[in-house]
**Student:** 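A single structure is presented below for examination.
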Number of protein chains: 2
Amino acid sequence: MEPPAQARRVTIVDVAQHAQVSTTTVSKVLRNAYGTSAATREKVQRSIAALGYRPYAAARGMRGRTYTVGVMLPDIRNPFFPDILDGLTEALRETDYQVLLGPGGCNDEPAEARVTEAMIDRGMDGMVLIAPVSSRPHLERVARTVPTVVVGPHGNSAAYDTVSDDDTLGAALVVGHLVGLGHRRIAHIEHAESDPTRLADMPNAIRAEGYRRAMREHGLAEEIDIVSTTYTQEGGYLGARQLLERARRPTAVFAGADIVALGVLEALDEAGLSVPGDISVAGYDNTSLAALRPISLTSVDQAGRQIGAEAARLLLGRIADPGRGAAHVRLSPTLVARRSTAAAGG
Amino acid sequence: MEPPAQARRVTIVDVAQHAQVSTTTVSKVLRNAYGTSAATREKVQRSIAALGYRPYAAARGMRGRTYTVGVMLPDIRNPFFPDILDGLTEALRETDYQVLLGPGGCNDEPAEARVTEAMIDRGMDGMVLIAPVSSRPHLERVARTVPTVVVGPHGNSAAYDTVSDDDTLGAALVVGHLVGLGHRRIAHIEHAESDPTRLADMPNAIRAEGYRRAMREHGLAEEIDIVSTTYTQEGGYLGARQLLERARRPTAVFAGADIVALGVLEALDEAGLSVPGDISVAGYDNTSLAALRPISLTSVDQAGRQIGAEAARLLLGRIADPGRGAAHVRLSPTLVARRSTAAAGG
DNA sequence: CTGAAAGCGCTAACAA
DNA sequence: TTGTTAGCGCTTTCAG
């Protein structure tokens with residue numbers, strides 16, 4: 001009457017015995033490898049089902065693949081990431097690959113490095129790095145070790161594929177929208193990047209540059225007004241406070257991210273200003289937040305699912321042929337106008 | 001001038017050679033195992049650093065541990081989970097364990113099973129299942145295979161530890177708060193559970209029962225009014241629409257989750273009703289959403305970080321001693337009153 | 001088309 | 001305290 005202890009795991013050997021074949025054959029069936037007859041294949045599959053066998057990924061990883069792809073996501077709170085993940089997991093659902101997520105810190109480079117290292121140590125067959133803040137050399141080192149796709153505009157590296165959204169266009173969409181509503185004093189809140197080596201690569205810098213360019217193209221070079229804080233709710237709050245102290249207040253604020261826009265809304269509310277009556281506010285990312293009734297934020301939609309699906313496609317290709325040239329896919333965002341923006345001076 | 005190909009991974013053998021010791025010794029140093037002199041230990045550590053050696057988790061997993069704990073989270077969009085994760089990762093930061101997340105579907109039992117299986121296959125040393133919807137037998141099967149902690153009120157199983165919040169108390173806090181504000185017609189929106197086998201275990205059922213009990217205790221048994229939808233924004237929206245059609249409209253709505261409350265707010269807004277002027281609304285979970293100015297939702301705080309930290313503590317204990325008795329920790333929630341609730345009839 | 005055997009990197013008896 | 005050795009479960013040459 002002992003408790004049945006930790007039941008020993010069913011192994012490939014058990015399956016081989018049960019099916020009266022060699023372990024090699026079982027292995028081949030598992031991997032749909034070339035060189036097994038239909039009859040054998042079926043026999044083995046029956047044994048697998050009968051015994052409830054499941055391949056042990058760690059053991060597979062010692063020789064071949066782990067059938068696992070690691071996804072590093074820097075900030076689990078950012079509501080833009082789930083969409084990417086959905087696209088990713090859906091695209092991988094029909095494959096043998098399993099997605100595991102690594103929680104990177106928020107804008108925390110050491111934390112990111114820990115996660116990528118941990119994933120390499122755990123034999124990931126491929127990795128997707130979502131909006132990493134790590135330096136380019138680090139990314140390339142990772143990519144040289146394991147097939148890698150970076151989501152976000154991280155330059156035309158030959159070591160990894162990238163999927164990104166055209167943030168220059170996105171910024172132009174916002175500015176165009178606001179100009180169309182009659183706004184001229186349109187301010188922008190950006191995320192300040194301290195590390196100059198990667199400055200030009202980051203979405204925030206690109207959005208800010210897109211804002212500048214669009215303002216110039218609309219003949220509003222004089223009105224360019226950028227506040228540098230951070231892509232957080234607090235950053236938005238503090239940025240808005242700065243803007244409200246201006247002698248000439250902006251009539252519209254383009255926040256570099258939805259979460260920033262929320263902070264802006266908070267500051268405006270506190271100052272007794274109404275949106276969009278007194279000031280129009282636009283965000284970026286079209287997160288689920290933006291769609292909420294009481295917020296109803298005009299934003300830029302990055303088509304996260306599509307980004308994720310594209311990343312999955314690229315990664316599978318790269319796993320199949322690690323040596324192939326790098327692909328850099330750029331998707332176009334769309335503007336989603338909501339109630340937080342309205343005609344100027346209204 | 002060949003490209004340096006995939007540089008071979010540095011192994012324990014390389015370290016042993018470099019340090020002029022056996023692989024056993026290196027292995028011992030890695031695991032801080034008993035039986036190495038300080039001098040040897042230091043020598044080995046220098047070699048490890050010099051060669052940039054990192055243990056290969058898959059290989060470790062074949063014999064001992066992978067130093068990986070798997071966290072299954074059912075719905076990455078639920079803003080309550082990041083807090084739990086924070087508590088969890090922080091508690092594990094100083095250990096050798098790495099956290100990897102498995103994306104379960106939303107209320108999708110097969111998806112959950114896939115993730116737990118995948119984690120077992122990948123040799124996780126322990127697992128934390130956050131608010132699983134899987135059946136009790138499945139959970140016990142998992143727990144029998146690998147040390148497991150379940151976050152959520154999933155009964156007093158002897159096979160796994162649980163950390164949960166006292167939802168009965170939480171519901172009572174909300175009802176008490178509303179009654180204190182003079183409300184009597186207090187309705188509740190719950191998540192309908194179809195599977196009867198786990199009905200009593202789920203938080204939604206407990207919250208609903210807590211609501212019922214609290215109403216009775218306040219002498220409001222007659223006013224008990226429960227709408228069954230789902231714990232989603234849409235569920236809240238639809239639930240509120242039903243409530244608005246009542247002959248005697250409730251003056252307060254207790255939504256079983258913040259996300260549900262958002263749907264309620266949307267429906268009320270659409271109906272031209274003001275909050276809290278016409279109707280008070282309370283949620284549950286005190287997610288970051290609730291704190292947002294334009295929402296400012298009264299809610300119940302579950303102390304997610306604390307839950308996560310507790311789960312980590314229990315899991316480490318269970319990994320160290322898988323046979324030890326199951327612990328069931330219950331934490332007390334607190335009420336966070338915000339602007340979405342106010343005196344009745346005001 | 002199938003199987004025997006070597007070995008991936010590491011840990012855990014057991015000896016020395 | 002240290003080293004030798006035998007695997008963990010699987011994939012992969014290489015013969016049959």
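Residue numbers start from 1 in every chain, and the chains themselves are labelled A, B, ... in the order their sequence lines are given, proteins ahead of strands.
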**Student:** Taking the side chain of A/Thr40 as its heavy atoms from C-beta onward, which of C/dT2, C/dT11, D/dG9 lies nearest to it?
**Tutor:** C/dT2

**Student:** So, the side chain of B/Thr95 versus the backbone of B/Ala91: is there a donor-acceptor pair under 3.5 Å, distance only?
**Tutor:** no

**Student:** Starting at CZ of B/Arg65 and ending at C1' of C/dA12, how long is that distance when rounded to a whole Å?
**Tutor:** 14 Å

**Student:** Of all the nucleotides listed (C/dG9, D/dC10, D/dT2), which has the minimum atom distance to the side chain of B/Ser37?
**Tutor:** D/dT2

**Student:** Hey, are B/Arg31 and B/Ser27 close enough side-chain-wise for a donor-acceptor pair under 3.5 Å?
**Tutor:** yes

**Student:** Find which nucleotide of DNA chain C each of A/Thr36 and A/Thr23 is nearest to by heavy atoms, and output the residue with the more 5' nucleotide.
**Tutor:** A/Thr36

**Student:** I'd like to know if the side chain of A/Asp121 and the backbone of B/Ala57 have a donor-acceptor N/O pair within less than 3.5 Å.
**Tutor:** no

**Student:** Looking at A/Ser22, does any N or O in its side chain come under 4.0 Å of the phosphate oxygens OP1/OP2 on C/dG3?
**Tutor:** yes

**Student:** Write down the distance between CD (A/Gln17) and P (C/dG3), rounded to a whole number of angstrom.
**Tutor:** 13 Å

**Student:** Tell me if a side-chain donor or acceptor on A/His18 pairs with a main-chain N or O of A/Val13 at a distance below 3.5 Å.
**Tutor:** no

**Student:** Starting at CE of A/Met62 and ending at C1' of D/dT12, how long is that distance when rounded to a whole Å?
**Tutor:** 14 Å

**Student:** If the helix axis at each end comes from five base pairs, how far does the helix from C/dC1-D/dG16 to C/dA16-D/dT1 deviate from straight, to 10°?
**Tutor:** 30°

**Student:** Would you mind reading off the distance between B/Asp121 atom CG and D/dC8 atom P, rounded to a whole angstrom?
**Tutor:** 19 Å

**Student:** Would you tell me if any nitrogen or oxygen in the side chain of A/Tyr67 comes within less than 4.0 Å of OP1 or OP2 on D/dC10?
**Tutor:** no

**Student:** Can you tell me the distance, in whole Å, between the CZ atom of A/Arg122 and the P atom of C/dG9?
**Tutor:** 17 Å

**Student:** Whole-Å distance between D/dG7 P and B/Arg63 CZ?
**Tutor:** 9 Å

**Student:** Would one find a side-chain N or O of A/Thr11 under 4.0 angstrom from OP1 or OP2 of D/dG9?
**Tutor:** no

**Student:** Using a 3.5 Å distance criterion without hydrogens, assess whether the side chain of A/Glu109 forms a donor-acceptor pair with backbone atoms of A/Ser135.
**Tutor:** yes

**Student:** Less than 3.5 Å apart, any donor N or O on the side chain of A/Ser164 or A/His328 sitting next to an acceptor on the other?
**Tutor:** no

**Student:** Between the side chains of A/Arg122 and B/Thr68, does any donor sit under 3.5 Å from an acceptor?
**Tutor:** yes

**Student:** Which part of the nucleic acid, if any, lies within reach of B/Val21 when heavy atoms closer than 4.0 Å are counted: base, sugar-phosphate only, or nothing?
**Tutor:** sugar-phosphate

**Student:** Nearest whole Å is fine: how far is C/dC10 P from B/Arg31 CZ?
**Tutor:** 12 Å

**Student:** Between C/dT11, C/dC1, D/dG9, which nucleotide has the shortest distance from any of its atoms to the side chain of B/Ile12?
**Tutor:** C/dT11

**Student:** Counting heavy atoms from C-beta on, name the nucleotide in D/dT11, D/dG9, D/dT1 closest to the side chain of A/Arg60.
**Tutor:** D/dT11

**Student:** Rounded to whole angstroms, how far apart are OH on A/Tyr56 and P on D/dC10?
**Tutor:** 10 Å

**Student:** Once ring-ring contact (aromatic ring centres under 6.0 Å, His included) is applied, what residue pairs with a partner in residues 47-76 of chain B remain, sequence neighbours excluded?
**Tutor:** B/Tyr67-B/Tyr97

**Student:** In terms of the nearest nucleotide of DNA chain D, which residue is placed more toward the 5' end: B/Tyr34 or B/Ala59?
**Tutor:** B/Tyr34

**Student:** Do the side-chain N and O atoms of A/Glu112 and A/Ser134 include a donor-acceptor pair separated by under 3.5 angstrom?
**Tutor:** yes

**Student:** Do the side chain of A/Arg144 and the main chain of A/Ala159 share a donor and acceptor less than 3.5 angstrom apart?
**Tutor:** no

**Student:** For nucleotides 13-16 of chain D, tabulate all protein N/O to nucleotide N/O atom pairs closer than 3.5 Å, reporting atom names and distance.
**Tutor:**
none

